[in-house]
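A short write-up of the structure that comes next.
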Amino acid sequence: VLLHDEVKQAFTEHRSVVCHDAKPFMRSLMADGIDLSFLTLDTAIAAYLINPSKSSYSLASVCGEFLGAEPTGSMESDGTFDFGGTDISAQSCAEAAVFVSRLAPVVLAGLADIHNESLYADIENPLVHVLAKMESAGIAVDTAALLSIKDRLTAETQELTQLLHSIAGKTFNVNSPTQLREILYTDRGLAPGKKTKTGFSTDAATLEKLHDQWPEFIGPLLRYREVEKLRSTYGEGLLHEIAPDGRIHATFNQTVARTGRLSSDQPNLHNIPVRSDEGKVFRTAFVAPKGCSLLVADYNQIELRCIAHLANDPGLISAFAAGEDIHNATAARVFGVALGEVTADQRSKAKMVSYGLAYGMEAYGLSQRLSIGVDEASVILKAYFEAFPNVKKYMDDAIVEARRTGYTETLFGRRRQIPELLSDNFRVRQAGERQAMNAAIQGLAADIFKIALVRIDKLLTEKDFLSRVVLQVHDEVIVEVPDSEKEVVGPLILDTMRGAADLSVPFEVNAAWGDTWASAKG
DNA sequence: TTGATCAGCGCGT
DNA sequence: CTACGTGCTGATCAA
């Protein structure tokens, strides 16, 4: 960034800066040692709070919506503010600035209309700076470890490709669903499963069903899919994103997810594998630098706790209050047995119902997840809602209210319009109903997490700790902590997370220390 | 031939 | 026929 001293001074000292999409700009200033700490309004984020479902919050599109006019120049949307460039770039920057200043009072009025002033001022606005610091810090990566993981996976995909070609009797692109369809359904003549738009499906669930018809091919094929996914997305993908400082600086988007969650890209650090042991090894490549440890702290069952609170369901609330194993307690109520007599099967069914709850899952979906009949799934669901009647009522009310007003709202006032509820199309309308059930729940969890994140940063900054937040994953925060600060910072962070909001159920936060993200995850 | 976009797939919370 | 995301690969189409 090329900045005149006067401009630098203005950004450092001016008590009120208004920006459209401030974070990239903030980051480039940070790289120059300038801290833009007096952001008072980010018009892109304000526009997002007013309507979180838009596909773009570019200056042009937001101006088009709120002002009915767009800047004519081609201002860069990456936050570059290059006064050393040509006249044209200076011109378009100036024009953009004028538009932002016109936009500001309009979006502020919009926030006021929907009573989002404090959601903006207390949560979203301070979060911009927190995220800028997080992105700027990045997370340390052990490049050698990542390379060796990738090499091992590459070797296996090559072997599997050879094997699959020889079994099929010809060479083909294993990554191509089209070519795969030909082999499976035309050459081999397998009985096809479900269809996609373009032909018969070759996804994992379908292949599992076909497995017994041609095990010597489908077995290795499933294995190939698994390994190739890890190799390409996480092996190659992550290696490309390692910056010269040996760290990965992902972007955390604040105006993408319609529920209020953050999203991550370049790279997406929200979907690093954890379920399979083989995928999990990628987490060993995310490390603490010398002299530091990683603290990984995550909320336990935050969405289910949000449901308990929102539905004000006595059964759920008392189970959480007593600190019971929630799936065990749920199973006991649903199947009408004592806490000590819940079988593993009952517990896992209850767990699946609880997970599906926030998504508006119905009997069919549950039957698929549990590999049971629709009738049995329907009995379980019915039993669940009889055991937790307030939950059922809450879900029904959420839909009715959203249909009446046209939007859902979280406890903190975050809105999401759901026009699908008025659709003539039955499927679309049903999807809208599921969104209406989910939005207040997922959104509340997001609100709470954002509050925790802002407060964690505040306490670390104000007390001059060297510890810094380096990553967040929806309900989990990863903090890089110098060994000398571990004893003090650990408890502070846990307390902050537990105290982020005052619901009718307590929050439980799991924490672990480690040299890598994997070891810290237990 | 190249770039943009869609479709299919699978990873996470 | 469960919500919300990102991104890889191949297929398809326009320039």
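By convention in this document, chain letters (A, B, ...) are assigned in the order of the sequence lines, proteins followed by strands, and residues within each chain are numbered from 1.
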Holding to salt bridge (Lys or Arg N to Asp or Glu O under 4.0 Å), I want the full list of residues that pass it with [X], two or more places apart in sequence or in another chain.
X: A:E420; value: none
X: A:K170; value: A:E182, A:D187
X: A:D457; value: A:K133
X: A:K54; value: A:E65

Indicate yes or no: does A:R347 engage A:E324 in a salt bridge with an N to O separation below 4.0 Å.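 Looking at A:E324 together with A:R347, the answer is no, because their closest N to O distance does not fall below 4.0 Å.
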Residues A:K194, A:D203: salt bridge by 4.0 Å N-O rule: yes
Determine whether the side chains of A:N175 and A:Y224 contain a donor N or O and an acceptor N or O closer than 3.5 Å. yes
Regarding A:T251 and A:R27, do their side chains bring together a donor and an acceptor under 3.5 Å, going by distance alone? no
If you take any heavy atom closer than 4.0 Å to DNA chain C, which residues from [range] end up in contact?
range: residues 378-417 of chain A; value: A:R416
range: residues 421-438 of chain A; value: A:R427, A:R434, A:Q435, A:N438
range: residues 201-223 of chain A; value: none

Calculate the interatomic distance between [X] atom [atom1] and [N] atom [atom2]; express it in whole Å.
X: A:I302; N: C:dC4; atom1: CD1; atom2: P; result: 19 Å
X: A:I478; N: B:dG12; atom1: CD1; atom2: P; result: 15 Å
X: A:I418; N: C:dC4; atom1: CD1; atom2: C1'; result: 12 Å
X: A:Y234; N: B:dG10; atom1: OH; atom2: P; result: 12 Å
X: A:K194; N: B:dG8; atom1: NZ; atom2: P; result: 11 Å
X: A:I441; N: C:dA3; atom1: CD1; atom2: P; result: 13 Å
X: A:Q442; N: B:dT13; atom1: CD; atom2: P; result: 13 Å
X: A:F286; N: B:dG12; atom1: CZ; atom2: P; result: 13 Å

Heavy atoms only, 4.0 Å cut-off, all strands: where does A:L269 land among base, sugar-phosphate and nothing?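 Nothing, no nucleic acid heavy atom in range.
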Which letter, B, S or -, goes with each nucleotide of nucleotides 5-14 of chain C from 5' to 3', with contact meaning a protein heavy atom under 4.0 Å? BBBSSSS---
Would you please classify the geometry between the [Y] ring and the [X] ring as parallel, tilted or perpendicular, with 30° and 60° separating the classes?
X: A:Y299; Y: A:F507; result: perpendicular
X: A:F217; Y: A:F172; result: tilted
X: A:F282; Y: A:Y234; result: tilted
X: A:F286; Y: A:W517; result: perpendicular

Identify all stems in which DNA chain B takes part, counting only runs of at least 3 consecutive pairs (Watson-Crick or G-U wobble, each distance under 3.5 Å), and give each as one range with another, ordered by first number. B:1-9 with C:7-15, B:11-13 with C:3-5
Heavy-atom neighbours of A:D245 CG exceed 12 at 6.0 Å: yes
Residue pairs passing the salt bridge (charged side-chain N to carboxylate O under 4.0 Å, His left out) test where at least one lies in residues 172-181 of chain A, sequence neighbours excluded: none
Taking ring-ring contact (aromatic ring centres under 6.0 Å, His included) as the cut-off, I'd like each qualifying pair that reaches into residues 388-427 of chain A, sequence neighbours left out, listed once. A:Y384-A:F388
To check you understand the geometry: which heavy-atom pair defines the closest contact between A:A445 and A:C306, and what is its length? N-SG, 3.8 Å
Please list, chain by chain and in numerical order, all residues satisfying ring-ring contact (aromatic ring centres under 6.0 Å, His included) with A:F385, sequence neighbours excluded. none
N/O (side chain, A:R261) to phosphate O (OP1/OP2, B:dT13) under 4.0 Å: no
Whether A:R225 contacts B:dG10 is assessed here as follows: a side-chain N or O lying under 4.0 Å from the phosphate OP1 or OP2. Is that the case?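 Indeed, a polar side-chain atom of A:R225 lies that close.
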Say you pick atom P in C:dC1 and the same atom in B:dA7; how far apart are they, in whole Å? 16 Å
